[in-house]
Amino acid sequence: MLEKKWAVITGASSGIGKEFARELAKNGFSLFLVARRKDRLEELKEELINEIAYEDFQCIVMEKDLRNLEEIREVYTETKDYNVDILINSSGFGDLGEFVETDMSKEMDMIDVNIRALHILTKMFLIDFVKRDSGYILNVASSAGLMPGGPYMATYYATKSYVVSLTSGIAGELRKRKSSVYIGSLCPGPVKTEFNDVANCNFSIGGISPRFCAKYAIIKMFSRKEVIIPSVKMKIASKLGKVAPRKLVVDICGKQQTKKVGK
């Protein structure tokens, strides 16, 4: 009998993370669901148990606050003895406003979750994956991470640029090793999730559904796509961002942010 495969998903209580859980469960993976909101995780666990047909499916809830360094490490230490084959770093949030006016404490939390937690978990799981020469890591970034900067969401754009850069750098090292381990970044544009409420904004262009985003990302992950952009509009925008003058791209991004608050 084949050994059971496990996936660890952070930010699993809502949005894209929640849909990743559904998709991977359908693909035969047992799950570790990581988030702060235990009640949401328990609800999702019950849904998945009722939806999934195979008998040996398991789902373990992990109530962790990824702003806390010790709890970040616990995600790894409490799962490392299982046959974890997939890590999806989906936790993250944004904020909208002029940099001189936004809340410093919220920004530090954003950096801790969007960067520090993702960095630590990627490194800890990657070491094990490289040793056994198998495994998948998908880091949820954003189309923001493909742009040179985003006025009025400066910190958020910077954190997502970090995610894309880190992930691509590691991917290059894995290619050099001729490793079978995969790492990639998911860079969607607007997605219809709770992100807007946390970031205090409304997108000026229509977003894709979190279910479509997760399903598309899983397909591309298993086909080993390094940068996954699940939207034609965002693919075009990312290409323009590479060839257009940097200041022009930044100014265009700024105009888009002001539309989110109706300015």
Side-chain angles (χ1 to χ4, degrees), residues 1-13 16-17 20-21 23-36 41 45 48 56-92 112-141 159 162-186 214 217-228:
M1 184 176 177
L2 292 174
E3 188 176 2
K4 185 182 299 183
K5 294 286 189 180
W6 287 84
V8 174
I9 306 169
T10 70
S13 62
I16 302 172
F20 274 131
E23 289 301 318
L24 288 175
K26 291 175 187 175
N27 278 275
F29 287 85
S30 288
L31 306 172
F32 287 100
L33 305 177
V34 183
R36 286 188 299 161
L41 295 178
K45 177 180 177 178
L48 294 174
D56 64 342
F57 171 71
Q58 284 184 265
C59 187
I60 298 176
V61 164
M62 301 182 72
E63 182 185 6
K64 303 293 181 184
D65 185 344
L66 298 186
R67 297 172 299 180
N68 182 289
L69 181 59
E70 184 59 34
E71 293 187 39
I72 294 169
R73 295 182 183 276
E74 286 171 358
V75 174
Y76 170 75
T77 58
E78 293 175 15
T79 62
K80 66 184 178 67
D81 293 331
Y82 291 77
N83 187 29
V84 174
D85 195 54
I86 296 175
L87 167 67
I88 297 185
N89 284 306
S90 188
S91 288
D112 285 344
V113 174
N114 294 13
I115 293 180
R116 185 176 69 165
L118 178 143
H119 183 114
I120 291 171
L121 292 176
T122 294
K123 193 174 188 74
M124 296 180 87
F125 279 95
L126 184 67
I127 290 169
D128 289 346
F129 289 1
V130 167
K131 284 179 182 176
R132 69 169 192 244
D133 198 33
S134 69
Y136 295 81
I137 297 176
L138 182 60
N139 289 329
V140 178
T159 64
Y162 181 96
V163 173
V164 175
S165 178
L166 177 74
T167 303
S168 293
I170 296 168
E173 293 175 8
L174 293 173
R175 283 195 299 275
K176 184 69 173 177
R177 279 177 169 266
K178 299 190 185 320
S179 174
S180 297
V181 177
Y182 163 88
I183 189 167
S185 54
L186 172 60
I218 293 296
I219 291 170
K220 294 299 182 180
M221 180 184 77
F222 285 134
S223 65
R224 309 186 74 83
K225 181 75 171 174
E226 185 179 314
V227 178
I228 302 168

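Residue numbers count from 1 along this sequence.
Taking each heavy atom of Ala21 and Leu48 in turn, the nearest pair found is CB-CD1, 4.1 Å. Pairing each heavy atom of Leu41 with each of Ala35, the nearest pair is CD1-N, 3.6 Å. Considering all non-hydrogen atoms of both residues, Ala141 and Val163 come closest at CB-CG1, 3.7 Å. Taking both residues in full, the closest heavy atoms of Phe125 and Val75 are given as CZ-O, 4.2 Å, listed atom of the first, atom of the second, then distance. Closest of all the heavy-atom pairs between Gly135 and Phe129 is CA-CD2, 3.8 Å. Closest of all the heavy-atom pairs between Asp56 and Lys4 is O-NZ, 2.8 Å.
Here the OG1 atom belonging to Thr167 is positioned 10.5 Å from the NE2 atom belonging to His119, to the nearest 0.5 angstrom. Here CG of Asn83 is found 6.5 Å from CG of Asp85. Values are rounded to the nearest 0.5 Å. Taking OG1 of Thr79 as the start and CE of Met124 as the end, the distance is 9.0 Å to the nearest 0.5 Å. Here the CG atom belonging to Leu33 is positioned 6.0 Å from the CD1 atom belonging to Ile9, to the nearest 0.5 angstrom. Separation of atoms CE (Met221) and CD1 (Ile137) is listed at 10.5 Å; rounding is to 0.5 Å. Note that the OG1 atom of Thr159 and the CG atom of Asp112 stand 11.5 Å from one another [nearest 0.5 Å].
Looking only at side-chain heavy atoms (C-beta outward), Val8 and Leu121 stay at 4.5 Å or farther from each other. Thr77 places a side-chain heavy atom less than 4.5 Å from the side chain of Glu74. In this structure the side chain of Val34 never reaches within 4.5 angstrom of the side chain of Ser91, judged on heavy atoms.
One N or O on the side chain of Thr10 and one on the backbone of Ser90 form a donor-acceptor pair closer than 3.5 Å. Judged purely by atom type and a 3.5 angstrom limit, Arg67 has no side-chain atom pairing as donor or acceptor with the backbone of Val113. At distances below 3.5 Å, not a single donor-acceptor pair connects side-chain atoms of Arg175 with backbone N or O atoms of Ile170. Judged by distance alone, the side chain of Glu71 and the main-chain N or O of Asp65 form a donor-acceptor pair under 3.5 Å. With hydrogens and angles disregarded, no donor-acceptor distance shorter than 3.5 Å links the side chain of Ser185 to the backbone of Val164. In this structure, the side chain of Ser179 does not engage the main chain of Leu174 through any donor-acceptor pair within 3.5 Å.
Counting non-hydrogen atoms of other residues, nucleotides and ligands closer than 6.0 Å to CZ of Arg116 gives a total above 12. The number of heavy atoms from other shown groups lying within 6.0 Å of NZ (Lys26) is above 12. Within a 6.0 Å sphere centred on NZ of Lys45, heavy atoms belonging to other residues, nucleotides or ligands number more than 12. Counting non-hydrogen atoms of other residues, nucleotides and ligands closer than 6.0 Å to CZ of Arg132 gives a total above 12. By the 6.0 Å contact criterion, CZ on Phe57 is enclosed, its count of non-hydrogen atoms from other residues, nucleotides or ligands being greater than 12.
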Before giving the answer on side chain to side chain contact (heavy atoms under 4.5 Å, CB included), spell out for Ile86 and Leu138 the whole-Å C-alpha distance, their side-chain angles and the decisive distance to 0.1 Å.
CA-CA 8 Å; Ile86 296 175; Leu138 182 60; 6.0 Å; no
Carefully, step by step, assess Ile127 and Tyr76 under the rule side chain to side chain contact (heavy atoms under 4.5 Å, CB included).
CA-CA 11 Å; Ile127 290 169; Tyr76 170 75; over 6 Å; no
Apply side chain to side chain contact (heavy atoms under 4.5 Å, CB included) to Leu24 and Ile88, showing your working.
CA-CA 11 Å; Leu24 288 175; Ile88 297 185; 3.7 Å; yes
Could you walk me through whether Arg36 and Ser13 pass the side chain to side chain contact (heavy atoms under 4.5 Å, CB included) test, one step at a time?
CA-CA 8 Å; Arg36 286 188 299 161; Ser13 62; over 6 Å; no
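A ring-centre distance under 6.0 Å is found for Tyr136 and Phe222.
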